[in-house]
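Take a look at the structure set out below.
Note that these values count all heavy atoms, side chains included, but never hydrogens, waters or copies made by symmetry. Numbers for residues simply follow the sequence, beginning at 1. Not measured: the values here are computed from a predicted model.
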Amino acid sequence: MRIDKYLWSIRYFKTRNIASEACKKGHIRINDQVAKPSREVYPMDKVVVRKNQINYQFTVLDIPSSRVGAKLVDIYRKDTTPKEAFEHNELLKYSKDYYRKKGTGRPTKKDRRDITEYLEEGTEDPLTNKKDDEII
C-alpha cells in the first residue's frame, strides 16, 4: 500500500491529499529515509511522521484493506513515540502564553505593571542584600 493511503487509512491525516502533501514536504520518513507519496509500506517498517511539531514514531504491523475506525487503528500499527516529544510540546504551549504577538498594539496598563514588577524583582543592593523598597 502507498504511504499516503496508509497514513490516511490509519487516521493520521484527515484526507489523503493532506497525507501526500506531508510526504512531498518531507515530513514522512520510512526506515530513516524521506518518503514520496507513492512509496510502498510493508509490515515491520518504521515510520516517523512530523505533525504539529511532534515526531510520531510507529511500526507498521499490518496493512488495512481500507480506512479503519479509530478503535481498530492499534491492530495495524504499534506506537513507539517517546514521552519526551509530548512533554516538549507542553513546554511550547506554556512559552506561548507569555508572548505578545506583533501588531497587538501598545501594552496595556496591566501589562506595563507586570513588566515593571518583573524587572524590579531581581534588583538587590549588593552591600545590604536588601531589595530597593526595603532600603530607606
Next item on the list: Tell me, please, which residues at least two apart from R29 pass salt bridge (Lys or Arg N to Asp or Glu O under 4.0 Å).
Entry: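 Checked R29 against salt bridge (Lys or Arg N to Asp or Glu O under 4.0 Å); zero matches.
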
Please identify each residue that fulfils salt bridge (Lys or Arg N to Asp or Glu O under 4.0 Å) with K25, with sequence neighbours left out.
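Expected list: none.
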
For F58, the ring pair (Phe, Tyr, Trp, His ring centres under 6.0 Å) test, sequence neighbours excluded, returns Y12

Exercise. Is any side-chain heavy atom of V47 less than 4.5 Å from a side-chain heavy atom of Y6?
Worked result: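 Heavy-atom side-chain distance check fails, nothing below 4.5 Å.
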
Candidate pair H27 and K51, rule side-chain contact (heavy atoms from CB on, under 4.5 Å), full reasoning
CA-CA 8 Å; H27 294 264; K51 184 178 174 188; over 6 Å; no

side-chain contact (heavy atoms from CB on, under 4.5 Å) filter on S66, not counting sequence neighbours, yields none

Report the distance from atom [atom1] of [X] to atom [atom2] of [Y], rounding to the nearest 0.5 Å.
X	Y	atom1	atom2	answer
D114	K109	CG	NZ	13.0 Å
L7	R16	CG	CZ	11.0 Å
D4	S9	CG	OG	9.5 Å

Pairs of donor and acceptor atoms involving the side chains of residues 67-81, under 3.5 Å and at least two apart or interchain, shall be tabulated with distances.
{"residue": "R67", "atom": "NH1", "partner": "W8", "partner atom": "O", "Å": "2.5"}
{"residue": "D74", "atom": "OD1", "partner": "R77", "partner atom": "NH1", "Å": "3.4"}
{"residue": "D79", "atom": "OD1", "partner": "T81", "partner atom": "N", "Å": "3.3"}
{"residue": "D79", "atom": "OD1", "partner": "T81", "partner atom": "OG1", "Å": "2.8"}
{"residue": "T80", "atom": "OG1", "partner": "Q57", "partner atom": "O", "Å": "3.3"}
{"residue": "T81", "atom": "OG1", "partner": "Q57", "partner atom": "N", "Å": "2.9"}
{"residue": "T81", "atom": "OG1", "partner": "Q57", "partner atom": "O", "Å": "3.2"}

Between P37 and I3 the two heavy atoms that sit nearest each other are O-CG2, 3.5 Å

| request: Answer yes if I28 and L61 sit in the same cluster of Ile, Leu, Val, Met, Phe, Trp and Tyr residues linked by side chain heavy atoms under 4.5 Å apart, and no otherwise. | output: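 The answer is no; the residues belong to distinct hydrophobic clusters.
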
Quick note, side chain to side chain donor-acceptor pair (under 3.5 Å) partners involving residues 31-46, not counting sequence neighbours, are N31-D45

